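Here is the structure we will look at, set down as structure tokens.
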2 protein chains.
Amino acid sequence: MARPTMDDVGKRAGVSRALVSLVMRGSPKVSDRRRAAVLQAAEELGYSPHAMARSLASRTSHVLGVMVSDLHNAFFAEVVDGLDAVAAEHGFDLILNTGGRSPARERRALRSLLSFRPAGLALLSPVVPTADIGRAAEQTPVVLVARSSRLATVDTVNDDGERGIGLAVDHLVSLGHRRIAHLDGGEGSQSAPRRRGYLAAMAAHGLAPRVVRSEYTDVGGARAVRGLAGDMPTAIVSCNDFNAVGAISALEEAGLRVPRDVSVVGYDNTSLAALRHVSLTTIDQPRNEFGRLAAEALLQRVRGERVEPVRHLLHPSLVVRSTTAPPVRPA
Amino acid sequence: MARPTMDDVGKRAGVSRALVSLVMRGSPKVSDRRRAAVLQAAEELGYSPHAMARSLASRTSHVLGVMVSDLHNAFFAEVVDGLDAVAAEHGFDLILNTGGRSPARERRALRSLLSFRPAGLALLSPVVPTADIGRAAEQTPVVLVARSSRLATVDTVNDDGERGIGLAVDHLVSLGHRRIAHLDGGEGSQSAPRRRGYLAAMAAHGLAPRVVRSEYTDVGGARAVRGLAGDMPTAIVSCNDFNAVGAISALEEAGLRVPRDVSVVGYDNTSLAALRHVSLTTIDQPRNEFGRLAAEALLQRVRGERVEPVRHLLHPSLVVRSTTAPPVRPA
DNA sequence: TCTATTTGTTGGAGCGCTCTAAGGCTGTAG
DNA sequence: CTACAGCCTTAGAGCGCTCCAACAAATAGA
């Protein structure tokens, strides 16, 4: 199992270790003859450079650290996918850790990631205190995804939730709705800006807002709709797709048809929303793009192209499907 | 940005670098006095060990390489989640790559992972030729997830798809169904064993099989059901949950009720199936467990506890929800 | 008291690589 | 035939750590 080293390759090709190093790094200042000899020897021995030794000697890293709460959540998985795509394009590798939404575990994960002296660090919706993030940012460039921060040393990539919900409200208003309720996400992470966006959009249209406390689950959506009984609005803007689907089933159980009697809009454009059976009008977040932008932000700093922080605020977009329609009797 | 090293810590604590190393590794053969001094100096300097230098010097690795086609797919994301959980428990870190279902890209990803000299390698449903896998296995322990192999040097973790579909058929038969159709997954990856499982189970019950060519999408499921019109079975076993949901909506469009007129069973127990609105009877694959077992298989080899290959064949389980019921008029 | 043992500590070599500075070679000019 | 550019090539130091052998100090046994 003793794998060959540069010395072995050099010996076999009849050159020095340093020359092998130059060839492996694609240096132009190597004669074609030597280069061919080295490459052939490497091939014969099945040699491949040792990334860690290389990183240690060159004092540079081609690794990006990624901390994610859990991959279980499709949102994060797709962000990581985007990160990986950009990283791979530039010859970087990802080292991954999960923090499980616990500050203690996240702190440990952070330490572990930093011990690799990564070229940069992407933290996806972390829950650790800002102080820890600031400390990490002293060691390596840091980008925060789905968490905002005022730290002057870190970049951020976020979805403009306020605007997203605004799109949903505008859409409903343009269909003729005036009595539009919002089922909010309670304490959930992006719930506050979404609620703000709803209130702002309603105010902009001169409509009376109606926020119903709910949560990011289908059960929550169903419960909230049952609470609405007796004074049903003509349209509902849910905090996310799961909540919307729960709301729809409760509406149908109550004998109301969607979108004939009540229109419903979700948020996130999960694979669920796209199902024909569900065909939910919803707000799309460019998840993969989150990852791509995060990776690019890090790479810019790595290359020293930028020192001031960048704050990406991505524009969500409306995806109209079959759960929204004009109200039957305009209010 | 010049981070402190062991020498710095040693100097500050008034001890040698070697002693600092012992403290960092938690060696018992250090006096309490020195240990405290070292720990304090490390704290003051904000020192943390350099994982790569450590790995290089000790000729051991605490890194597991993971190659996944894409994280977009929730199945893989959850497997990675399981891998990470076990890895973290044992102080291992994950280094992640995607292969994008292209042999060329996978080969590149493999090379990149191997360049870190990982303690082990987990390949999730890889498409590279067996020869490449064998070559990787010469360098480090390899475990294959969702791909079987005869290589004596690699471990495998798979779902027993044959048995899973068998559970579905048994369930339907026990409800009284006799005319049970299977919408298969066409060329899809686990489609063949599932089809085999269906045929075997039907034969075991002495029933006439009926396989309808379909695919792993809701559109595919809907189309297949429309093809069934005129000779509708009393029950349908779909190749996966998406297909099942598509089948259900086509059935409802045709004026049939589920499960009153036709029962439907999915496969995978995705989050979709669990939605109240869908509430699909389905077969659960222990996805997280796949990852856990894969990680454990690697760690066993790392620790030298095992040399013979292990072949995990995980038992899927039936999750009964609301889309199956006895047929109205037993055939 | 003196030698064995145990316990704690240290210098130095070396992991596989990069990088700098210096060296060898060619070819052309003097 | 020597000088001086190039252009290749190489020796050697060193990245931050681990590990071994050696040693000093403290303890035990005789």
Side-chain angles (χ1 to χ4, degrees), chain A residues 1-39 41-42 45-63 91 112 114-119 139-140, chain B residues 1-39 41-42 45-63 91 112 114-119 139-140:
Chain A
M1 273 256 192
R3 302 203 43 191
T5 72
M6 278 193 172
D7 278 308
D8 301 322
V9 176
K11 212 160 288 169
R12 185 174 189 114
V15 301
S16 72
R17 181 189 62 247
L19 215 238
V20 178
S21 172
L22 288 173
V23 171
M24 287 303 153
R25 283 177 287 153
S27 163
K29 43 177 75 176
V30 176
S31 63
D32 291 344
R33 202 165 56 81
R34 306 281 194 175
R35 180 188 311 281
V38 167
L39 255 22
L45 279 117
Y47 170 81
S48 87
H50 188 309
M52 295 200 180
R54 172 178 275 190
S55 167
L56 186 62
S58 66
R59 268 142 290 187
T60 63
S61 164
H62 280 191
V63 167
S112 167
L114 284 171
S115 77
F116 283 88
R117 305 293 187 270
Q139 323 226 24
T140 189
Chain B
M1 274 262 191
R3 303 204 43 193
T5 72
M6 279 195 173
D7 277 308
D8 300 323
V9 177
K11 212 158 290 169
R12 183 170 190 116
V15 301
S16 73
R17 181 191 61 247
L19 214 240
V20 178
S21 172
L22 288 175
V23 171
M24 287 304 153
R25 282 176 287 150
S27 164
K29 44 176 75 174
V30 177
S31 65
D32 292 344
R33 204 165 55 82
R34 307 281 195 175
R35 180 189 311 278
V38 167
L39 254 22
L45 262 49
Y47 170 81
S48 87
H50 189 310
M52 296 201 180
R54 173 177 275 189
S55 166
L56 185 61
S58 65
R59 271 143 287 188
T60 64
S61 164
H62 280 187
V63 167
S112 166
L114 285 172
S115 77
F116 283 88
R117 305 291 187 270
Q139 322 226 23
T140 189

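Note that the structure is a prediction, hence the values are computed from the model and not measured. Chain naming here is simple, since letters A, B, ... match the order of the sequence lines and numbering starts at 1 in each.
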Quiz prompt | Whichever of S16(B) and A53(B) has its nearest DNA chain C nucleotide further upstream toward 5' | solution = S16(B)

Quiz item: For D32(B) and dT7(C), what is the distance between atoms CG and C1' respectively, to the nearest whole Å?
Solution: 13 Å

Exercise. Please report, rounded to the nearest Å, how far the P atom of dT6(C) is from the NZ atom of K29(B).
Key: 12 Å

Every protein N/O lying under 3.5 Å from an N/O of nucleotides 21-27 of chain C:
none

Exercise. With rounding to the nearest 0.5 Å, note down the distance linking OG in S55(B) to NE2 in H50(A).
Key: 5.5 Å

Quiz item: Phosphate oxygens OP1/OP2 of dT18(C): is one of them under 4.0 Å from a side-chain N or O of S21(A)?
Solution: yes

Quiz item: Say you draw a straight line from CE of M52(B) to CZ of R117(B); how long is it, rounded to the nearest 0.5 Å?
Solution: 13.0 Å

Quiz item: So, for M24(B) and A42(B), which heavy atoms are closest and what is the spacing to 0.1 Å?
Solution: CE-CB, 3.7 Å

Using distance only, find each side-chain donor-acceptor pair of residues 12-23 of chain B under 3.5 Å and give its atom names and separation, not counting sequence neighbours.
| unit_1 | atom_1 | unit_2 | atom_2 | d |
| --- | --- | --- | --- | --- |
| R12(B) | NE | E44(B) | OE1 | 2.6 |
| R12(B) | NH2 | E44(B) | OE1 | 2.9 |
| S16(B) | OG | A18(B) | N | 3.4 |
| S16(B) | OG | L19(B) | N | 3.2 |
| S21(B) | OG | R25(B) | NE | 3.1 |
| S21(B) | OG | R25(B) | NH2 | 2.7 |

Self-check item: For atom CZ of R34(A) and atom C1' of dT9(D), their distance in whole Å
Solution: 7 Å

Could you run down the sub-3.5 Å N/O contacts of the protein with nucleotides 12-14 of chain C?
| unit_1 | atom_1 | unit_2 | atom_2 | d |
| --- | --- | --- | --- | --- |
| dG12(C) | N7 | R17(B) | NH2 | 3.3 |
| dG12(C) | O6 | R17(B) | NH2 | 3.0 |
| dA13(C) | N6 | R17(B) | NH2 | 3.4 |

Quiz item: Are S58(B) and dT18(D) close enough that a side-chain N or O sits under 4.0 Å from OP1 or OP2?
Solution: no

Quiz item: When rounded to the nearest 0.5 angstrom, what is the spacing between OG in S27(A) and CZ in R35(A)?
Solution: 7.0 Å

Quiz item: With sequence neighbours left out, which residue pairs that include part of residues 46-60 of chain B fulfil the salt bridge (Lys or Arg N to Asp or Glu O under 4.0 Å) condition?
Solution: none

Quiz item: In Å, rounded to the nearest 0.5 Å, how long is the span from CE of M6(A) to NZ of K11(A)?
Solution: 14.0 Å

Exercise. Nearest whole angstrom, please: distance from the C1' of dT7(C) to the CZ of R35(B).
Key: 13 Å

Quiz item: Through what angle, rounded to 10 degrees, does the axis of the helix from dT1(C)-dA30(D) to dG30(C)-dC1(D) turn between its ends, using five pairs per end?
Solution: 60°

Exercise. Using atom CG of L22(A) as one end and atom C1' of dT18(C) as the other, report the distance to the nearest whole Å.
Key: 9 Å

Self-check item: Heavy-atom closest pair, residues T5(A) and Y47(A)
Solution: C-CE1, 3.6 Å

Self-check item: side-chain N/O S31(B) vs dT9(C) OP1/OP2, d < 4.0 Å
Solution: yes

Quiz item: Roughly, in whole Å, what's the span from CD in Q139(A) to C1' in dG16(D)?
Solution: 15 Å

Practice problem: Within residues 6-15 of chain B, find the residues that approach DNA chain C with a heavy atom at under 4.0 Å, and present them sorted by residue number. | Solution: V15(B)

Self-check item: Shortest non-hydrogen contact from P118(B) toward T140(B)
Solution: O-OG1, 2.9 Å

Quiz prompt | Atom pair distance, as rounded to whole Å: CZ in R33(B) and P in dG8(C) | solution = 12 Å

Quiz prompt | Separation of dG16(C) C1' from H50(A) NE2 (nearest whole Å) | solution = 7 Å

